[in-house]
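Shown next, in structure tokens, is the structure this report addresses.
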Number of protein chains: 2
Amino acid sequence: MTKKTKEAAAPALPLNSILDGDCIDIMNSLPECSVDLIFADPPYNLQLKGELHRPDNSKVDAVDNDWDQFESFKRYDEFTHAWMTAARRILKPNGAMWVIGSYHNVFRMGTELQNQGFWILNDVIWRKSNPMPNFRGMRLTNAHETMIWVSKTEKSKPTFNYEALKALNEGTQMRSDWVLPICTGHERLKNEAGDKAHPTQKPESLLHRVLVGSTNPGDVVLDPFFGTGTTGAVAKMLGRDYIGIEREAEYRAVAKKRLAKIRKFDNEALEVSQSKRAEPRVPFGQVVERGMLRPGEDLWSVNGRHKAKVRADGTLIAADSKGSIHQVGAACENAPSCNGWTYWHYRRDGKKVPIDLLRQQIRSEMRAN
Amino acid sequence: MTKKTKEAAAPALPLNSILDGDCIDIMNSLPECSVDLIFADPPYNLQLKGELHRPDNSKVDAVDNDWDQFESFKRYDEFTHAWMTAARRILKPNGAMWVIGSYHNVFRMGTELQNQGFWILNDVIWRKSNPMPNFRGMRLTNAHETMIWVSKTEKSKPTFNYEALKALNEGTQMRSDWVLPICTGHERLKNEAGDKAHPTQKPESLLHRVLVGSTNPGDVVLDPFFGTGTTGAVAKMLGRDYIGIEREAEYRAVAKKRLAKIRKFDNEALEVSQSKRAEPRVPFGQVVERGMLRPGEDLWSVNGRHKAKVRADGTLIAADSKGSIHQVGAACENAPSCNGWTYWHYRRDGKKVPIDLLRQQIRSEMRAN
DNA sequence: CGTTCATTTGAATCGCCGT
DNA sequence: TACGGCGATTCAAATGAAC
């Protein structure tokens with residue numbers, strides 16, 4: 001199905017399919033450490049109150065319902081604990097998870113995430129541009145939902161496409177509050193009666209931002225509460241593999257039909273802006289070795305206040321310091337650190353040119369090979 | 001001090017004063033069911049490691065106070081349980097409480113509130129208009145804090161001044177996300193050395209909205225983590241009675257001095273929360289996220305001479321350049337700058353349409369609220 | 001006195017790699 | 001695993017000096 005080779009002899013994942021059943025059982029049947037990202041939109045209205053029994057079958061005091069509350073929360077916490085435990089097992093060591101909820105359940109989810117050792121990366125507010133108003137005027141308009149983005153452990157190195165999200169935000173750093181419209185119009189799936197197919201269908205724009213920001217093409221994205229398959233739809237468009245789990249046949253049918261129509265964007269469109277951190281490292285010594293700068297040549301600081309001389313081994317010597325381009329730059333500025341590549345300049349034709357230009361030349365030569 | 005007659009023979013409350021000591025002990029010494037509103041801004045339990053420097057090498061003045069240090073989540077939960085229990089006892093049956101926090105602590109607070117039988121009315125997002133950025137580009141900008149607004153019980157009938165908040169919001173229903181600036185400038189209190197008197201002083205505009213919305217004149221407002229007394233200052237301006245509890249002598253001194261200067265019904269203070277409405281900036285990435293243009297789709301320049309392809313992160317790729325709609329437009333025209341919104345066009349029904357039309361659609365959706 | 005520009009600052013879980 | 005070197009990384013708002 002995919003051309004990717006799986007590590008070791010792990011059982012093959014059921015990629016790009018919708019699995020029928022309880023998500024806890026299904027996740028427990030999948031190989032551990034095999035999934036890159038989980039997006040989870042669990043139910044919060046479990047309607048557990050009808051099933052409640054006190055151990056001694058005594059009647060619940062109608063005046064003080066605290067006990068009732070507690071029992072209901074306890075059931076919900078058990079459910080949350082169970083599915084998060086199953087989810088955590090199948091996540092790769094550097095895997096990450098997003099959960100979404102409202103004030104009814106999100107605090108309990110956040111607490112359980114922390115208790116299990118997930119590491120919170122950000123909480124993100126989906127600020128709805130067109131929320132349902134509060135008709136009775138009894139409360140504030142509930143105009144947002146909360147997402148919690150976690151990595152499997154504190155030590156994990158989850159995918160974060162910083163530059164791509166920055167580009168999505170027209171050049172400024174993406175914030176933790178996202179203004180996006182709710183799912184309406186053509187995007188909102190209808191059943192045969194013409195009613196909405198699912199009560200809480202999420203907009204594709206929300207998943208687009210999540211997946212562009214925290215996955216790469218070819219990653220495996222699992223959604224344990226698949227519903228009508230928004231996660232799968234956006235994953236497919238973006239060239240990620242998806243696994244959906246959904247126990248309601250009606251939702252599975254809608255999702256299957258939806259996904260069959262989705263086409264992947266072409267590869268060029270899927271490339272996103274890369275961080276400089278992904279570029280190969282170039283030692284400054286190479287600049288000297290290649291004769292782009294000559295030993296003995298002077299470099300000037302970006303502000304023009306400091307001067308240093310290039311030595312044959314690729315180190316610099318200034319009035320009060322010697323060492324790497326970074327060390328001497330930091331010493332000149334009396335700063336804790338310094339990027340020597342952008343700090344130091346050389347002169348050509350009377351102009352000051354950053355030495356970073358030379359590094360870019362070397363890198364483009366490296367790419368040509 | 002006040003003309004209100006207290007019910008029954010309850011001991012008099014220490015109104016409009018700052019109490020010295022641990023808030024749990026002090027609250028336990030106050031009469032039960034005597035306070036209308038509690039605003040609580042407890043330590044967030046930030047878990048900061050080393051120092052952090054900005055790209056310009058200046059050092060970030062972080063919250064490193066002893067009062068924010070906890071050994072473990074367990075210890076923090078014990079602390080939270082204790083102060084919330086004490087707070088609940090002194091609340092009137094129809095009383096309410098606001099707590100504020102970040103992702104470090106807010107989930108644990110929300111869980112404890114629910115466990116104790118508090119009833120969540122709304123969670124409210126304070127969207128900071130000028131947050132501190134993420135300097136290392138490792139995460140999303142942490143641009144918000146979360147407040148949880150609860151009543152003492154599910155049966156409580158807490159004060160909610162719907163019309164007043166609607167008026168504050170230019171005539172439309174107040175939403176659960178509040179855009180307000182952080183506390184800076186003259187409002188930010190300084191100590192004698194000229195440094196900030198408290199690391200986490202809240203803006204008066206935030207408390208103004210809280211107190212206008214959920215208290216009436218003459219109500220008793222208690223703040224167990226008083227700090228430099230923003231809650232007391234706004235309560236006094238608005239004609240509410242305050243009780244502050246603060247165990248740090250330095251903060252008490254600053255608050256006392258501050259409160260002495262406050263006058264009730266200061267019109268200038270009432271204007272604080274009025275926000276000016278500017279044309280919102282719309283990143284081109286939102287057009288892509290919302291599916292108004294699809295990754296891979298072609299755009300044409302206004303003169304028809306250049307073509308570019310849309311990528312998933314909202315950047316364009318043309319024959320010789322890639323980047324934002326503005327950058328690629330400028331490159332195509334070999335111009336220093338270019339307004340991509342009017343330069344680039346897409347095709348619909350054989351006609352060329354400027355992408356600015358899509359931006360106008362998004363803006364009109366945003367205005368609709 | 002108004003405009004412009006440089007400087008400062010804010011609740012922050014803020015790196016990766018090789019030795 | 002602790003340490004040190006490389007080298008990547010910031011936005012909005014307010015202040016205050018300069019013009």
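First the proteins, then the strands, lettered A, B, ... as listed; each starts at 1. Hydrogens, waters and symmetry mates play no part in the numbers below; they use all other heavy atoms, side chains included.
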Discussion item. Taking the nucleotide of DNA chain D with the nearest heavy atom to each, does A:Cys338 or A:Thr172 sit closer to the 5' end?
Written reply: A:Cys338

Worksheet item: B:His144 NE2 to D:dC11 P: how many Å, rounded?
Response: 19 Å

Worksheet item: Does B:Arg127 place a side-chain N or O at less than 4.0 Å from the phosphate oxygens OP1/OP2 of D:dA12?
Response: no

Worksheet item: For every nucleotide of nucleotides 10-16 of chain C, 5' to 3': is a protein heavy atom under 4.0 Å from its base (B), only from its sugar-phosphate (S), or from neither (-)?
Response: BBBBBSS

Fill in: C:dA11 to D:dT9 separation - P atoms, rounded to the nearest Å
25 Å

Item to complete: Indicate, with a heavy-atom threshold strictly under 4.0 Å, whether B:His53 touches base, sugar-phosphate, or nothing.
Response: nothing

Fill in: Test side-chain contact (heavy atoms from CB on, under 4.5 Å) applied to A:Val310 and A:Leu299, step by step
CA-CA 7 Å; A:Val310 176; A:Leu299 300 183; 3.8 Å; yes

Worksheet item: At under 4.0 Å between heavy atoms, what does A:Ser324 touch on the DNA or RNA strands: base, sugar-phosphate, or nothing?
Response: sugar-phosphate

Discussion item. Side chains of B:Arg139 and A:Ser176 only: does a donor on one sit below 3.5 Å from an acceptor on the other?
Written reply: no

Discussion item. Can you tell me whether the base of C:dT13 sits syn or anti, using the 90° cut around 0 to define syn?
Written reply: syn

Worksheet item: Are OP1 or OP2 of D:dT10 and a side-chain N or O of A:Tyr162 less than 4.0 angstrom apart?
Response: yes

Return the polar atom pairs (N/O with N/O) between nucleotides 3-6 of chain C and the protein under 3.5 Å, or none.
none

Discussion item. Between P on D:dT10 and CG on B:Leu140, what's the gap in Å once rounded to a whole number?
Written reply: 14 Å

Worksheet item: Thinking salt bridges, do A:Glu170 and B:Arg359 make one under a 4.0 Å N-O criterion?
Response: no

Worksheet entry | Qualifying residue for side-chain contact (heavy atoms from CB on, under 4.5 Å) with A:Ile148, from A:Ile120, A:Ile100, A:Val124 | A:Ile120

Practice prompt. Using only side-chain N and O atoms of A:His326, determine if any of them is under 4.0 Å from OP1 or OP2 of D:dG7.
Written response: yes

Item to complete: Kindly determine whether A:Glu154 and B:Lys49 satisfy salt bridge (charged side-chain N to carboxylate O under 4.0 Å, His left out), including the steps that lead there.
Response: CA-CA 13 Å; A:Glu154 182 178 354; B:Lys49 308 239 160 74; 2.7 Å; yes

Worksheet item: In whole Å, what separates the C1' atom of C:dT7 from that of D:dT10?
Response: 14 Å

Worksheet entry | Distance-only donor-acceptor test (3.5 Å): side chain A:Thr342, base D:dA8 | no

Worksheet item: Does atom NZ of A:Lys307 have more than 12 heavy-atom neighbours from other groups under 6.0 Å away?
Response: no

Discussion item. Applying a 4.0 Å non-hydrogen cut-off, can you work out what A:Glu279 is touching in the nucleic acid: base, sugar-phosphate, or nothing?
Written reply: nothing

Fill in: Verdict with supporting geometry, A:Glu333 and A:Arg305, salt bridge (charged side-chain N to carboxylate O under 4.0 Å, His left out)
CA-CA 10 Å; A:Glu333 294 301 320; A:Arg305 284 201 282 270; 5.2 Å; no

Practice prompt. Let me know the distance between CD of A:Glu170 and P of D:dC11, rounded to the nearest Å.
Written response: 13 Å

Worksheet item: Is B:Asp177 paired with B:Arg127 through a side-chain N to carboxylate O contact shorter than 4.0 Å?
Response: yes

Discussion item. Rounded to whole Å, please give me the gap between CD in A:Gln327 and P in D:dG7.
Written reply: 11 Å

Practice prompt. Report yes or no: does A:Lys152 contribute a side-chain atom to a donor-acceptor pair with the main-chain N or O of A:Leu91 at less than 3.5 Å?
Written response: yes

Worksheet item: Crowded around A:Asp313 CG? As in, over 12 foreign heavy atoms under 6.0 Å?
Response: yes

Worksheet item: Does OP1 or OP2 of C:dT9 have a side-chain N or O of B:Lys59 closer than 4.0 Å?
Response: no

Practice prompt. Taking atom C1' in both D:dA12 and C:dT13, compute the distance separating them and give it to the nearest angstrom.
Written response: 23 Å

Item to complete: Mind checking A:Ser275 for me? I need base, sugar-phosphate or nothing, with any heavy atom below 4.0 Å counting as a touch.
Response: sugar-phosphate

Fill in: Test: B:Arg108 cationic atom under 6.0 Å from B:Tyr76 six-membered ring centre, within 45° of axis
no

Discussion item. Taking the basic N atoms (NZ, or NE/NH1/NH2) and the acidic carboxylate oxygens, is any pair closer than 4.0 Å for A:Arg209 and B:Glu289?
Written reply: yes

Worksheet entry | Watson-Crick or G-U pairs under 3.5 Å in DNA chain C, rendered as dot-bracket with [ ] for crossing pairs and | for another strand | .|||||||||....|||||

Worksheet item: Rounding to a whole Å, what distance do you find between A:Asn169:CG and D:dC11:C1'?
Response: 11 Å

Fill in: Closest-nucleotide ordering on DNA chain D, the 5'-leading residue of B:Ser129 and A:Phe284
A:Phe284

Worksheet entry | Residues A:Trp98 and A:Ser214: side-chain donor-acceptor under 3.5 angstrom | yes

